[in-house]
Amino acid sequence: MTKRLDEVISEGWAGLQEITTDIRDAQQAVDDLNKLCLRVLASEDGDKLMKWLRATLLEQPVAVPGSDPSYAYYREGQNSVIRDLESRILKARNL
């Protein structure tokens, strides 16, 4: 359970232990997810999938003349998923 800041302050240095443990656990969870993306998507099939996703989503216009402006938000959401996966793969390779 995460403590409130005033509880941590009242405990002094001992209160910081839980916070640093939480930070380490959170970073480990991020690293684990990045490694998972690398294992799954860096394979030959994963590489093919990422190339297809990039070609069909990321390398397409976000908006076209005459389309509803909200469509651009939707398309950017799709693009952000591809960018996030690519970023996680790069980070995992640098661990």
Side-chain angles (χ1 to χ4, degrees):
M1 176 198 285
T2 304
K3 296 180 182 179
R4 291 182 35 214
L5 183 58
D6 57 346
E7 292 173 333
V8 172
I9 291 171
S10 69
E11 293 178 14
W13 290 108
L16 292 177
Q17 180 62 36
E18 183 177 328
I19 290 175
T20 56
T21 300
D22 288 347
I23 291 170
R24 272 188 247 116
D25 291 346
Q27 184 59 52
Q28 186 61 52
V30 169
D31 291 346
D32 290 346
L33 182 57
N34 293 346
K35 290 175 188 176
L36 173 65
C37 289
L38 178 64
R39 282 193 312 271
V40 171
L41 298 170
S43 68
E44 185 178 335
D45 287 340
D47 187 54
K48 289 177 185 177
L49 176 62
M50 289 303 293
K51 285 178 181 174
W52 177 81
L53 287 170
R54 179 172 262 288
T56 58
L57 298 175
L58 198 59
E59 295 173 358
Q60 299 299 317
V62 171
V64 294
S67 67
D68 188 292
S70 62
Y71 181 71
Y73 296 114
Y74 168 76
R75 284 285 298 116
E76 269 307 307
Q78 289 178 322
N79 292 347
S80 70
V81 172
I82 309 308
R83 289 186 192 109
D84 183 60
L85 291 170
E86 290 177 339
S87 174
R88 289 180 183 283
I89 290 168
L90 287 174
K91 288 175 184 174
R93 286 184 173 144
N94 292 324
L95 285 178

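For the numbers below, each heavy atom of this structure counts, side chains included, while hydrogens, waters and symmetry mates do not. All values derive from a computational prediction rather than experimental measurement.
To the nearest 0.5 angstrom, Leu90 atom CG is 7.5 Å from Glu86 atom CD. Here CG of Asn34 is found 10.5 Å from CG of Asn94. Values are rounded to the nearest 0.5 Å. The line from CD1 of Ile82 to OG of Ser87 is 13.0 Å long, rounded to the nearest 0.5 Å. Here CG of Asn79 is found 10.0 Å from CD of Glu59. Values are rounded to the nearest 0.5 Å. Annotation: the span from Leu38 atom CG to Lys91 atom NZ amounts to 13.5 Å, rounded to 0.5 Å.
Taking every heavy atom of both residues into account, Ala42 and Arg93 meet most closely at CB-NH2, 3.7 Å.
The existence of a salt bridge linking Asp84 and Arg88 is confirmed by a sub-4.0 Å separation between a basic side-chain nitrogen and an acidic carboxylate oxygen.
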Should Arg83 and Glu76 be marked as a salt bridge (charged side-chain N to carboxylate O under 4.0 Å, His left out) after you check the CA-CA gap, both sets of side-chain angles, and the distance that decides it?
CA-CA 10 Å; Arg83 289 186 192 109; Glu76 269 307 307; 3.2 Å; yes

Yes or no on salt bridge (charged side-chain N to carboxylate O under 4.0 Å, His left out) for Asp47 and Lys51, after CA distance, side-chain angles and deciding distance?
CA-CA 6 Å; Asp47 187 54; Lys51 285 178 181 174; 3.2 Å; yes

Apply side chain to side chain donor-acceptor pair (under 3.5 Å) to the pair Asp45 and Ser43, showing each step before the final yes or no.
CA-CA 5 Å; Asp45 287 340; Ser43 68; 5.6 Å; no

Going through the checks in order, is the side chain to side chain donor-acceptor pair (under 3.5 Å) test met by Gln27 and Arg24?
CA-CA 5 Å; Gln27 184 59 52; Arg24 272 188 247 116; over 6 Å; no

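Follow the hydrophobic side-chain contacts under 4.5 Å out from Leu57 and you reach Ile89 in the same cluster. Val64 and Tyr73 fall into different hydrophobic clusters, where Ile, Leu, Val, Met, Phe, Trp and Tyr side chains are chained together by heavy-atom contacts under 4.5 Å.
Between the side chain of Gln78 and the backbone N or O of Leu58 there is no donor-acceptor pair closer than 3.5 Å.
With a 4.5 Å cut-off on side-chain heavy atoms, Gln60 and Thr56 do not count as touching. Using a 4.5 Å heavy-atom threshold, the side chains of Met50 and Arg54 count as separate. In this structure, Arg75 and Tyr71 have side chains that are in contact, with non-hydrogen atoms separated by less than 4.5 Å.
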